[in-house]
Protein chains: 4
Amino acid sequence: MSPRNVEKDLLQREQRIHHILDSALETIAVKGIGSVSINDIAAAAGMSIGNMYHYFKSKNEIISEILRRGQTGYGDHVTRIAEQECTALEKLFMLAESWLALENSWAYTILIHTSRLSDASSEEVRKAVTERFTNNLGPVAAVMKQGQQEGLIVSGDPLELAYYFVSLIQGLTLQKMPGAEVPIPARASSIVALFTAKKDH
Amino acid sequence: MSPRNVEKDLLQREQRIHHILDSALETIAVKGIGSVSINDIAAAAGMSIGNMYHYFKSKNEIISEILRRGQTGYGDHVTRIAEQECTALEKLFMLAESWLALENSWAYTILIHTSRLSDASSEEVRKAVTERFTNNLGPVAAVMKQGQQEGLIVSGDPLELAYYFVSLIQGLTLQKMPGAEVPIPARASSIVALFTAKKDH
Amino acid sequence: MSPRNVEKDLLQREQRIHHILDSALETIAVKGIGSVSINDIAAAAGMSIGNMYHYFKSKNEIISEILRRGQTGYGDHVTRIAEQECTALEKLFMLAESWLALENSWAYTILIHTSRLSDASSEEVRKAVTERFTNNLGPVAAVMKQGQQEGLIVSGDPLELAYYFVSLIQGLTLQKMPGAEVPIPARASSIVALFTAKKDH
Amino acid sequence: MSPRNVEKDLLQREQRIHHILDSALETIAVKGIGSVSINDIAAAAGMSIGNMYHYFKSKNEIISEILRRGQTGYGDHVTRIAEQECTALEKLFMLAESWLALENSWAYTILIHTSRLSDASSEEVRKAVTERFTNNLGPVAAVMKQGQQEGLIVSGDPLELAYYFVSLIQGLTLQKMPGAEVPIPARASSIVALFTAKKDH
DNA sequence: CATGAATGAGGTTTCATTCAT
DNA sequence: GATGAATGAAACCTCATTCAT
């Protein structure tokens with residue numbers, strides 16, 4: 001029936017979607033999550049306004065899809081690090097380092113938090129975001145537990161420590177928003193040091 | 001007409017302004033900084049739309065005034081704690097405890113961060129917010145330095161430690177947004193523990 | 001609190017609403033129910049687009065309010081005629097005559113019918129329209145019954161006769177749409193004649 | 001390539017066109033003539049949007065073609081009945097019965113009336129619709145005249161009676177729209193009775 | 001022939017701000 | 001001071017139509 005290459009069509013579609021989401025993240029970074037318009041996002045992607053709606057049902061869907069992909073990707077990343085064969089401190093360092101080095105991390109963080117506000121997005125989206133956030137704590141908590149068994153990490157509930165670790169990094173991440181940088185460096189080694197069990201005098 | 005009346009009028013005016021700003025904080029928190037309308041703010045304050053303009057020049061002025069008062073008040077609070085006569089650890093505990101106990105802290109934090117985004121507010125506001133944030137680090141850094149001299153706090157650049165301390169608390173604060181709570185407690189004692197120099201062994 | 005005349009405000013508001021609905025009916029008459037825009041309605045009322053939303057929540061509300069007022073008013077009219085003291089034939093004549101003479105009757109009829117279509121309006125509106133239509137048959141049926149007792153009207157179920165009577169008038173009404181008139185007159189006396197019991201011969 | 005294929009292609013094309021128009025009628029009926037989209041029509045026909053334009057020049061062409069075929073077909077039907085060899089009453093009965101039994105009659109009727117509204121379709125279409133409607137009255141008027149000569153039908157201008165007869169049936173037809181049915185039956189025999197000359201007494 | 005991506009104009013609705021009362 | 005009507009720009013989203021594949 002169709003003289004078109006269905007497989008290629010689907011591939012192209014996925015590439016477009018990826019492209020839109022990528023540009024959208026940067027655009028939201030510049031405009032701010034509550035003020036960005038479909039017009040902005042379309043312009044950033046180099047597409048017409050109307051065409052956005054061939055790929056996404058609504059502006060909200062774009063934002064929630066960015067969140068879904070971002071959080072899922074981050075979860076995979078964290079899990080991969082947690083499963084490596086090295087000390088807990090090395091893993092914590094890698095986690096902190098990779099997140100702080102990420103160009104767009106502040107954008108993801110601000111998206112995660114503002115999207116959880118009641119009217120900014122649907123109940124569904126908010127729940128999903130929080131759930132994924134909580135799930136992503138799991139691997140970090142596992143690293144904390146491993147470190148405690150190795151005697152390398154301070155004592156305390158591993159999940160609680162993971163919670164602090166991630167909150168600290170997110171808090172620092174937010175200070176990196178463009179045009180508003182605080183002139184103080186955030187170093188992975190210093191962060192890890194806070195969670196290191198000190199045996200020296 | 002009489003001086004007494006002028007004085008009373010001014011007092012009433014200040015009370016109204018205070019009332020508006022108070023209600024607005026919660027409303028902006030719920031609606032999102034980029035989506036809140038003057039209508040929402042007026043409804044929250046129980047006033048008419050038009051009447052808002054007797055007290056504020058614009059919607060942006062309301063937001064920037066909330067931020068100014070909030071950050072200034074927080075700065076005074078931090079300074080007062082830093083100047084008390086007690087150990088650095090006790091001061092850190094008081095700082096963490098008071099901020100975590102504050103009902104609206106998450107709202108202030110989200111406001112601070114979203115207001116710094118490029119188009120959400122004017123260049124002027126963004127600069128002021130960042131400047132006040134940086135200034136408020138000073139007293140915390142002083143506490144860190146005091147603690148290091150007392151041998152109670154981990155080594156490192158005091159300003160950097162203060163930066164981490166505040167970022168951690170802000171990060172935790174964001175998890176307390178209504179309807180999106182992560183089921184993990186944030187305890188002041190645990191936070192302080194991370195910054196405590198451990199002499200065991 | 002309010003230095004404005006609340007009573008006068010409310011009266012003015014009702015007058016505006018009435019004015020909008022009046023102009024809207026005519027406009028829908030010209031543009032067609034599915035193609036009329038808020039812009040058209042606002043222009044017809046001599047108001048700005050945005051101001052329409054001070055009086056109505058949506059375009060649909062305007063249409064359903066026109067229907068509600070129109071059908072209710074018609075129901076009152078029919079009831080008033082049915083309760084008069086005269087023969088059934090005279091009542092039928094008055095009903096036919098008044099409806100055929102009404103300038104806007106075709107607009108009401110087309111609104112009633114198109115609004116009942118599934119997607120043109122909400123389930124709620126459709127139900128209300130049909131219910132009011134059915135209710136308005138009651139007084140007409142009463143007239144039919146009276147006429148049968150008087151021996152003036154043809155035999156048959158009074159409600160069914162009322163149904164035919166109203167359907168016939170509505171069908172004729174539709175032929176009166178502007179620019180599409182069929183060059184045949186619709187006369188009340190001829191209509192009544194169809195329902196008259198003939199005793200001649 | 002061969003003449004046979006061309007012939008077959010044309011036949012298939014006509015079948016497709018017929019299929020599209022058939023599905024479109026129901027869809028336009030449900031969505032409303034001013035709100036139906038090419039997308040809706042394409043989906044109803046189970047075809048792609050773009051492909052519609054191989055069969056029709058525009059959305060308006062689809063609508064006007066439905067009307068043309070529907071009214072022409074109805075005209076032929078009426079003419080056929082009028083030319084049969086039986087009494088006028090039997091013919092009237094057949095006319096009423098066949099139209100009331102038609103599943104889609106209400107859709108045709110609503111289409112006829114809404115398409116006559118000024119902006120819903122072109123001046124050309126509106127004129128054609130009204131002209132065909134008037135023409136279709138001819139055979140019915142002929143039946144009325146025949147009936148009067150037979151002494152079976154009430155006196156009056158035959159064309160006017162035909163006009164009433166068709167208007168009544170159209171009015172009843174509109175009450176049959178899906179989801180909005182009035183719980184009163186429309187019976188061909190009762191309708192014919194209204195136009196029957198009664199000789200009793 | 002068949003498909004669906006692409007466009008841009010236009011539709012509905014919201015909103016900050018002004019102003020008469 | 002207090003109110004809410006009024007405006008018009010701009011937001012989101014839809015859609016008829018075209019076109020490359």
Legend entry - Upstream residue (5' side of DNA chain E) when C:Lys8 and B:Val36 are each assigned their closest nucleotide: B:Val36
Legend entry - A:Ala45 backbone acceptor or donor facing A:His19 side chain under 3.5 Å: yes
Legend entry - Lys/Arg N to Asp/Glu carboxylate O, C:Lys8 vs C:Glu14, below 4.0 Å: no
Inset, instruction - Indicate yes or no for a side-chain donor-acceptor contact from B:Lys31 to the backbone of B:Glu26 under 3.5 Å, with no hydrogens or angles considered. - result: no
Inset, instruction - Check the distance between F:dA10's P and C:Asn39's CG and give it to me in whole angstrom. - result: 16 Å
Legend entry - Short N-O contact, A:Glu124 and A:Arg68, less than 4.0 angstrom: no
Inset, instruction - Give the dot-bracket string for DNA chain E, reading 5' to 3', where a pair is Watson-Crick or G-U wobble with both distances under 3.5 Å, ( ) marks pairs inside the strand, [ ] marks pairs crossing earlier ones, | marks a partner on another strand, and . marks unpaired. - result: .||||||||||||||||||||
Inset, instruction - Name all pairs fulfilling the salt bridge (charged side-chain N to carboxylate O under 4.0 Å, His left out) condition that reach into residues 45-57 of chain A, sequence neighbours left out, sorted by first residue then second. - result: A:Lys57-A:Glu61
Legend entry - Residues that C:Ala24 engages under side chain to side chain contact (heavy atoms under 4.5 Å, CB included), provided they are two or more places apart: C:Ile41, C:Ile62, C:Ile66
Legend entry - Protein-nucleotide distance (A:His19, atom NE2; E:dA5, atom C1'), rounded to Å: 15 Å
Inset, instruction - Using atom NZ of C:Lys31 as one end and atom P of E:dT12 as the other, report the distance to the nearest whole Å. - result: 12 Å
Inset, instruction - Apply side chain to side chain contact (heavy atoms under 4.5 Å, CB included) to A:Tyr55 and list each qualifying residue two or more places apart in sequence or on a separate chain. - result: A:Arg13, A:Arg16, A:Ile17, A:Ile20, A:Met47, A:Asn51
Legend entry - Whole-Å distance separating the CD1 atom of D:Ile20 from the P atom of E:dA2: 9 Å
Legend entry - Close residues, residues 43-55 of chain B, relative to DNA chain E [heavy-atom separation under 4.0 Å]: B:Ile49, B:Tyr53
Inset, instruction - Please check if the side chain of A:Glu65 supplies one atom and the backbone of A:Leu21 the other of a donor-acceptor pair under 3.5 Å. - result: no
Legend entry - Any A:Arg16 side-chain N or O less than 4.0 Å from OP1/OP2 of E:dA5: no
Inset, instruction - Take atom CG of C:Leu10 and atom C1' of F:dG4, then tell me their distance rounded to the nearest Å. - result: 11 Å
Legend entry - 5′-ward residue of the pair B:Arg13/A:Ser58 relative to DNA chain F: B:Arg13
Legend entry - salt bridge (charged side-chain N to carboxylate O under 4.0 Å, His left out): pairs with one or both residues in residues 42-56 of chain D, sequence neighbours excluded: none
Legend entry - Interatomic distance where CZ belongs to C:Phe56 and P belongs to E:dT12 [whole Å]: 15 Å
Inset, instruction - Tell me which of C:Ser37 and B:Ser37 sits closer to the 5' end of DNA chain E, going by the nucleotide each one is nearest to. - result: C:Ser37
Legend entry - Atom-pair distance (CD1 on B:Ile38; C1' on F:dA9), nearest Å: 17 Å
Legend entry - Length of the CD-C1' vector between C:Gln15 and F:dA5, whole Å: 15 Å
